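Structure, as structure tokens:
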Amino acid sequence: YKFTSVMGVDDGGSVINSNNGTWIAQFGKTINVTDFGAKAVTDYDNANHFAKVISFLQVNEGLELIVKSKENVHFETSSTFNLPIKTDLVMDNAMVFSNGDSEMGLVIGDEDNYNFNRKLIIRVYKKTLSDWEDKNNIGVLIWNLYESTNVHIIRSERFTVGVKFNAKT
């Protein structure tokens, strides 16, 4: 972290305010969800921490996001995780989704942009078993893969649809 006397917008990860000023993270090309306060603890909702990660990645392209903890425990969340394009993802620990049956778990990219030359290593599962009826209950939705993107789905369980690839025509 680098200290400045100018107060910034505290996001709990890349910018942290103190009494005397602001600490700004000096990340390299890799960030971890734990840099934003996420915890690999059973029954702990990381939704707010993950929202900070997503906001940071939306303005900082080309980084690698690591989902890893020293403990061999998953990271739980009650909301969909929308990974922006131009981000590599390496999940050493799984993300566990406790959101509803009509919601998705992990969404990578969006329908208007293409993912080029990315690395995706994915481990996700739903906390409770799907009702097997709702086709919108997707574990991993990946948009517009193109050229040299390596996708490794290690785990996608308990969703109605495990993995879905979409492409804009």
Side-chain angles (χ1 to χ4, degrees), residues 12-13 29-58 60-146 148-168:
K29 289 286 185 190
T30 302
I31 63 170
N32 192 325
V33 293
T34 58
D35 295 331
F36 293 81
K39 298 176 186 173
V41 177
T42 303
D43 294 326
Y44 180 80
D45 188 2
N46 285 292
N48 290 333
H49 304 295
F50 287 169
K52 293 173 186 176
V53 172
I54 293 165
S55 293
F56 180 79
L57 290 171
Q58 287 172 334
N60 294 278
E61 295 180 343
L63 297 178
E64 179 179 76
L65 175 63
I66 305 291
V67 179
K68 182 177 184 174
S69 173
K70 293 176 185 173
E71 300 81 27
N72 191 19
V73 182
H74 56 262
F75 289 87
E76 213 168 295
T77 184
S78 62
S79 63
T80 300
F81 191 95
N82 293 290
L83 186 74
I85 64 164
K86 299 182 183 176
T87 304
D88 290 332
L89 177 63
V90 177
M91 294 177 136
D92 289 331
N93 294 79
M95 281 187 183
V96 176
F97 294 91
S98 59
N99 49 1
D101 272 341
S102 61
E103 298 180 49
M104 292 181 226
L106 174 64
V107 177
I108 298 172
D110 60 73
E111 69 178 285
D112 294 324
N113 296 289
Y114 291 89
N115 271 311
F116 295 94
N117 197 27
R118 303 279 35 117
K119 174 175 68 174
L120 305 169
I121 301 172
I122 300 168
R123 290 176 169 86
V124 298
Y125 66 95
K126 190 165 174 56
K127 189 170 184 176
T128 59
L129 191 60
S130 165
D131 64 9
W132 302 112
E133 294 178 18
D134 191 338
K135 301 283 191 261
N136 292 318
N137 183 235
I138 301 169
V140 181
L141 174 62
I142 302 176
W143 281 99
N144 299 323
L145 288 184
Y146 190 76
S148 303
T149 296
N150 293 306
V151 180
H152 302 272
I153 309 289
I154 308 299
R155 182 178 189 185
S156 183
E157 298 176 9
R158 298 183 176 174
F159 296 93
T160 303
V161 177
V163 179
K164 183 176 181 180
F165 293 90
N166 272 0
K168 187 174 183 179

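Both backbone and side-chain heavy atoms feed into the values below; hydrogens, waters and symmetry mates do not. Every value quoted in this text rests on a predicted model; they were computed, and no experiment measured them. Sequence positions, counted from 1, serve as the residue numbers for this chain.
N113 and D110 are linked by a side-chain donor-acceptor pair at a separation below 3.5 angstrom, with hydrogens and angles left out of the test. When only modelled atom types and interatomic distance are considered, S130 and T160 share a side-chain donor-acceptor pair under 3.5 Å. Side chain to side chain, S78 and N99 fail the donor-acceptor criterion of an N or O pair below 3.5 Å.
Using a 4.5 Å heavy-atom threshold, the side chains of I154 and I121 count as touching. Here the side chains of L65 and T30 are not in contact, with every heavy-atom distance at 4.5 Å or above. No side-chain heavy atom of E76 sits less than 4.5 Å from a side-chain heavy atom of Y44.
Between R123 atom CZ and M91 atom CE the span is 9.5 Å, to the nearest 0.5 Å. Between atom OG of residue S98 and atom CG of residue N46 there is a gap of 10.0 Å, rounded to the nearest 0.5 Å. Here the CD-OG1 distance, from Q58 to T87, works out to 9.0 Å after rounding to the nearest 0.5 Å. To the nearest 0.5 Å, atom CG of residue L89 and atom CG of residue L106 are 6.5 Å apart.
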After noting the C-alpha distance and the side-chain angles of E103 and F159, does the key distance pass the side-chain contact (heavy atoms from CB on, under 4.5 Å) rule? CA-CA 10 Å; E103 298 180 49; F159 296 93; over 6 Å; no
Check against side-chain contact (heavy atoms from CB on, under 4.5 Å), N60 and L63: CA-CA 7 Å; N60 294 278; L63 297 178; 3.8 Å; yes
Kindly indicate, with the supporting measurements, whether the criterion salt bridge (Lys or Arg N to Asp or Glu O under 4.0 Å) is fulfilled by D101 and K126. CA-CA 9 Å; D101 272 341; K126 190 165 174 56; 3.7 Å; yes
Run the numbers on Y125 and H74 for side-chain contact (heavy atoms from CB on, under 4.5 Å), then give the verdict. CA-CA 10 Å; Y125 66 95; H74 56 262; 3.0 Å; yes
With side-chain contact (heavy atoms from CB on, under 4.5 Å) as the criterion, how do F165 and L141 come out once you've worked through the C-alpha distance, each side chain's angles and the decisive distance to 0.1 Å? CA-CA 6 Å; F165 293 90; L141 174 62; over 6 Å; no
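Shown are N166, I122, L83; of these, the side chain to side chain contact (heavy atoms under 4.5 Å, CB included) with I142 is made only by I122. Considering N150, I153, V140, T149 as possible partners of L120, the one that fulfils the side chain to side chain contact (heavy atoms under 4.5 Å, CB included) test is T149. The side chain to side chain donor-acceptor pair (under 3.5 Å) with K127 is formed by just one residue from the set T77, D43, T42; it is D43. The side chain to side chain contact (heavy atoms under 4.5 Å, CB included) test with N115 singles out one residue from I108, V151, D88, and that residue is I108.
In this structure a side-chain-to-backbone donor-acceptor pair under 3.5 Å is missing from S156 to V124. For D92 (side chain) and V67 (main-chain N/O), no donor-acceptor pair under 3.5 Å exists by modelled atom type.
Sorted by first and then second residue, the salt bridge (Lys or Arg N to Asp or Glu O under 4.0 Å) pairs with a member in residues 134-144 form an empty list; sequence neighbours excluded.
By the 30° and 60° cut-offs, the orientation of the rings of F56 relative to F36 is tilted. Taking the six-membered ring where the residue is Trp, F50 and F75 present tilted rings, their angle falling between 30° and 60°.
Considering all non-hydrogen atoms of both residues, K168 and Y114 come closest at O-OH, 3.7 Å. Among all heavy-atom pairs drawn from T80 and M104, the shortest one is OG1-O, 2.7 Å. Smallest separation of non-hydrogen atoms from N93 and K68: OD1-CA, 3.2 Å. For the residue pair E64 and V90, the shortest heavy atom distance occurs at OE2-CG2, 3.6 Å.
By the 6.0 Å contact criterion, CG on D131 is enclosed, its count of non-hydrogen atoms from other residues, nucleotides or ligands being greater than 12.
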